Amino acid sequence: MKETILALLTAALDALKERGTLPADVAPDIKIEATKDKAHGDYATNLALMLSKPAGLKPRELAQALIDALPESQAISQVDIAGPGFINFFANTEAAAEIIRTVLDEGERFGHNTQGNDEAVQVEFVSANPTGPLHVGHGRGAAIGDSLCRLLAVNGYDVTREFYYNDAGAQIDNLALSVAARVKGLEPSDPAWPQDGYRGEYIKDVARAYLNGETVKAGDRETTAKGDRDDIQAIREFAVAYLRREQDLDLRAFGVEFDVYFLESSLYRDGKVEATVERLIDNGYTYESDGALWLKTTEFGDDKDRVMRKREGGYTYFLPDVAYHHDKWNRGFKTVINEQGADHHSTITRVRAGLQALETGIPEGFPEYVLHQMVLVTRSGVEVKISKRAGSYVTLRDLIDEVGRDATRYFLIARAATSQMTFDIDLARSQTNDNPVYYIQYAHARVCSVLRKAEREGVQFDQARGLAQLSLLTEEREKDLMNRLAAYPELIARAARAREPYQVAQYLQELAGEFHSYYNAVKVMVEDDALRDARLTLGVAVRQVLANGLGILGVSAPEEM
RNA sequence: GCGCCUAUAGCUCAACCGGAUAGAGCAACGGCCUUCUAAGCCGUAGGUUGCAGGUUCGAGUCCUGCUGGGCGUGCCA
């Protein structure tokens with residue numbers, strides 16, 4: 001419908017240019033939007049407002065001239081000028097109903113597009129250190145990252161999901177020391193307990209498994225515990241494998257799987273860290289000071305230079321990060337999106353600066369970032385502290401177990417990543433209708449329910465007959481639903497461009513709301529076969545779009561509740 | 001101090017590249033189940049969009065300054 005209006009307006013513009021009403025060189029970006037208020041018709045454009053200056057006409061006069069120049073169309077029943085000069089279009093109901101045919105023809109592919117042109121895009125998300133169970137913040141990252149991947153895929157991108165394990169840094173040393181202490185029977189309260197050691201109970205579990213000689217499988221490797229209390233290297237390897245496995249299990253339970261698990265240690269093993277350092281030195285962007293090697297990140301917009309090789313010889317985290325992102329680029333990804341917590345935002349400037357300093361033709365904005373803000377968890381109205389080091393925090397596993405996978409995912413994704421959010425455990429786990437995910441799922445189940453009822457009562461539902469009778473759908477709420485369905489494809493495109501999967505959740509809530517409203521106001525199972533089939537057909541189309549959208553969120557679409 | 005994010009109804013959040021009367025849910029109040037699942041619907045009430053300027057035909061949205069909150073500002077990640 002929008003395309004139709006766009007074509008009409010383009011034709012009108014050309015006519016006015018020919019007539020000299022408009023300068024020939026104006027090439028406006030014609031914006032057509034769905035109206036918020038039905039009094040303004042179904043679609044509106046501000047074209048006359050935008051062009052009033054170059055045309056030298058008052059907006060309303062120009063609007064009238066545009067309307068006069070519009071070609072005839074069956075799809076439009078009425079065109080008005082309103083307000084300061086908006087042009088409002090009223091869609092012909094029969095033409096609007098064509099969207100139902102489109103939805104049913106395209107099925108689960110409805111809303112897909114080829115925007116991405118099969119471009120390879122990599123999304124890195126979660127990337128938790130293997131030093132403890134995933135917490136709710138990782139859950140938010142997992143939900144947003146995974147949905148973003150699904151969203152990009154339906155927009156025609158070839159998506160790779162990647163998880164980066166920092167398995168080589170100081171925090172892993174700390175983990176090994178903590179497990180070693182537990183292996184020796186120490187408690188965090190003990191004076192000999194390592195400084196800044198991980199105090200969580202899970203460390204005890206790791207130690208016990210290590211002493212028991214357990215074998216754990218993480219990624220494509222199996223690691224068997226040596227059981228030797230003094231072999232810190234063996235303890236380290238086992239602890240990392242153990243916690244990686246834990247995280248993998250949690251993610252799987254959350255419906256999130258990765259294509260690539262990338263280990264930081266492999267960058268050292270393959271010499272990529274060294275190669276990166278050498279190249280940075282060769283390019284003249286480094287200097288020694290205080291016994292450390294610095295990178296001149298200030299030449300690329302940072303507010304101070306950063307240490308890349310410590311006085312004691314090891315590298316800071318950001319150097320392997322640069323090597324890692326260079327590797328992503330070398331793997332052929334021109335678009336890389338990193339989804340991570342906003343507490344890591346300071347890495348953005350550094351990583352990009354390091355990549356620029358390599359001078360290998362990587363664009364300045366590489367990689368892209370989607371940052372999510374903190375999640376505040378409350379229980380009984382009291383904040384639950386999230387602190388990995390303190391060991392007391394709400395894990396993703398807790399949430400999945402208590403709240404359920406669907407509700408947890410929906411809850412974590414339904415808000416813009418930039419907004420700090422409160423995860424109220426009591427609210428989210430309550431079995432009442434407080435959680436909006438049920439609202440959407442229920443709309444889907446309702447359509448299924450009506451179809452079951454039709455079958456139970458021996459009423460033949462004939463979709464072909466329904467499609468032939470779409471002109472019977474004359475109720476205002478039916479038109480609302482059609483317009484809403486018609487808006488889905490552009491929503492999908494817009495959400496992908498903005499890297500904002502939460503928009504899909506927003507849309508689904510609106511669609512479900514309009515369906516529930518319709519369902520209560522208009523009876524579907526009427527005597528009239530043709531009308532009943534037409535309404536059932538509309539219902540099936542709504543169900544299809546709900547299912548498609550829920551699929552992008554990674555939330556199930558149940559047939560009954 | 002500096003950098004990033006943020007401030008919208010009592011609470012949690014929306015508002016599509018700047019558009020028309022700022023919308024939902026929860027909480028409150030009043031209605032709707034002998035009719036397709038009431039996990040639903042209908043209605044009432046609730047707002048100086050943190051404050052002050054500016055740009056614009058038009059600002060919650062863009063710019064500047066201020067105030068409050070979060071995060072960062074490690075030779076941690």
Side-chain angles (χ1 to χ4, degrees), chain A residues 29 31 33-37 39-40 44 46 49-50 52-53 58-59 82-86 88 127-129 131 166 169-172 174 196 264 290-294 302-304 306-318 320-321 340-349 371 373-374 376 414-422 424 427 431-439 441-443 445-454 456-457 487 490-491 494-495 498 500 502-503 505-507 509-510 512-513 515-521 523-526 532 535-536 539 560-561:
Chain A
D29 180 17
K31 213 165 95 183
E33 51 179 30
T35 55
K36 290 172 191 161
D37 185 337
H40 302 143
N46 62 352
L49 291 164
M50 283 167 47
S52 105
K53 213 169 257 180
K58 288 179 182 166
F86 291 100
N88 294 335
S127 294
N129 291 341
T131 55
N166 294 103
Q171 300 200 19
I172 300 299
N174 190 17
D196 299 325
E264 181 186 9
D290 295 331
L293 185 66
W294 297 68
D302 204 352
D303 53 2
K304 59 179 167 184
R306 306 290 168 176
V307 168
M308 48 190 254
R309 191 170 61 217
K310 300 181 245 181
R311 202 177 308 149
E312 43 83 357
Y315 295 112
T316 58
Y317 69 90
F318 110 87
D321 268 5
Q340 53 188 231
D343 55 334
H344 287 186
H345 78 256
S346 64
T347 65
I348 297 176
T349 310
L371 301 179
Q373 293 291 324
M374 299 285 107
L376 177 75
R415 293 165 180 76
T418 52
S419 99
Q420 290 165 237
M421 61 166 290
T422 301
D424 183 335
L427 180 71
Q431 293 299 313
T432 64
N433 58 354
D434 294 338
N435 200 312
V437 67
Y438 295 131
Y439 186 79
Q441 290 181 318
Y442 184 40
R446 266 188 153 169
V447 177
C448 297
S449 171
V450 180
L451 289 170
R452 277 195 302 271
K453 182 183 168 68
R456 204 165 51 236
E457 294 181 355
E490 66 197 68
L491 162 94
R494 188 170 67 236
E500 289 180 339
Y502 83 91
Q503 289 189 17
Q506 199 71 30
Y507 171 89
Q509 207 162 350
E510 287 161 4
F515 180 74
H516 285 310
S517 179
Y518 171 61
Y519 182 90
N520 272 273
K523 192 160 169 60
V524 173
M525 294 298 289
V526 291
R532 185 182 64 238
R535 287 180 175 165
L536 282 169
E560 56 186 323
M561 298 187 71

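Within every chain, numbering begins at 1; the chains are lettered A, B, ... in the order of the sequence lines, protein sequences first and strands thereafter. Bear in mind that the values here come from a model prediction, so they are computed numbers and not experimental data.
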L451(A) and L536(A), any side-chain heavy atoms less than 4.5 Å apart: yes
Using the [atom1] atom in both, what is the distance from [N] to [M], to the nearest Å?
N: A22(B); M: G46(B); atom1: P; answer: 14 Å
N: C36(B); M: C29(B); atom1: P; answer: 29 Å
N: U21(B); M: G60(B); atom1: C1'; answer: 15 Å
N: U8(B); M: C2(B); atom1: C1'; answer: 29 Å

So, using side chain to side chain donor-acceptor pair (under 3.5 Å) as the criterion, who are the partners of [X] when residues are at least two apart?
X: Y502(A); value: none
X: R446(A); value: Y442(A), H516(A)
X: K453(A); value: E457(A)
X: T349(A); value: none

Nucleotide of A14(B), U56(B), G25(B) approaching K53(A) most closely (side-chain heavy atoms): U56(B)
Touch class at under 4.0 angstrom, heavy-atom based, for D290(A) against every strand present: base
Residue met sooner reading RNA chain B from 5', once S517(A) and E560(A) are mapped to nucleotides: E560(A)
5'-most by nearest nucleotide on RNA chain B - S346(A) or E500(A): E500(A)
Identify, with sequence neighbours excluded, every residue that meets side-chain contact (heavy atoms from CB on, under 4.5 Å) alongside [X].
X: Q503(A); answer: L491(A), R494(A), A495(A), A498(A), E500(A)
X: F318(A); answer: L295(A), T297(A), R306(A), M308(A), T316(A), V322(A), R350(A)
X: E312(A); answer: K310(A)

Ring pair (Phe, Tyr, Trp, His ring centres under 6.0 Å) involving H40(A) - partner list, sequence neighbours excluded: none
Pairing residues for Y507(A) by the ring pair (Phe, Tyr, Trp, His ring centres under 6.0 Å) criterion, not counting sequence neighbours: Y488(A)
Contact state string [nucleotides 16-21 of chain B, B base, S sugar-phosphate only, - no protein heavy atom under 4.0 Å]: BB-BB-
Protein proximity profile, nucleotides 1-8 of chain B - base contact B, sugar-phosphate-only contact S, no contact -, cut-off 4.0 Å on heavy atoms: --BBSS--
Whole-Å gap separating C1' (G40(B)) and CZ (R446(A)): 4 Å
Base-pairing string, 5' to 3', of RNA chain B - Watson-Crick or wobble, under 3.5 Å, | interstrand: (((((((..((((.....[...)))).(((((.......))))).....(((((..]....))))))))))))....
Any Y438(A) side-chain nitrogen or oxygen under 4.0 Å from OP1 or OP2 of C26(B): no
Y439(A) side chain near C41(B) phosphate (N/O to OP1/OP2, under 4.0 Å): yes
L49(A) to P59(A) - nearest heavy-atom pair and separation: CD2-CB, 3.8 Å
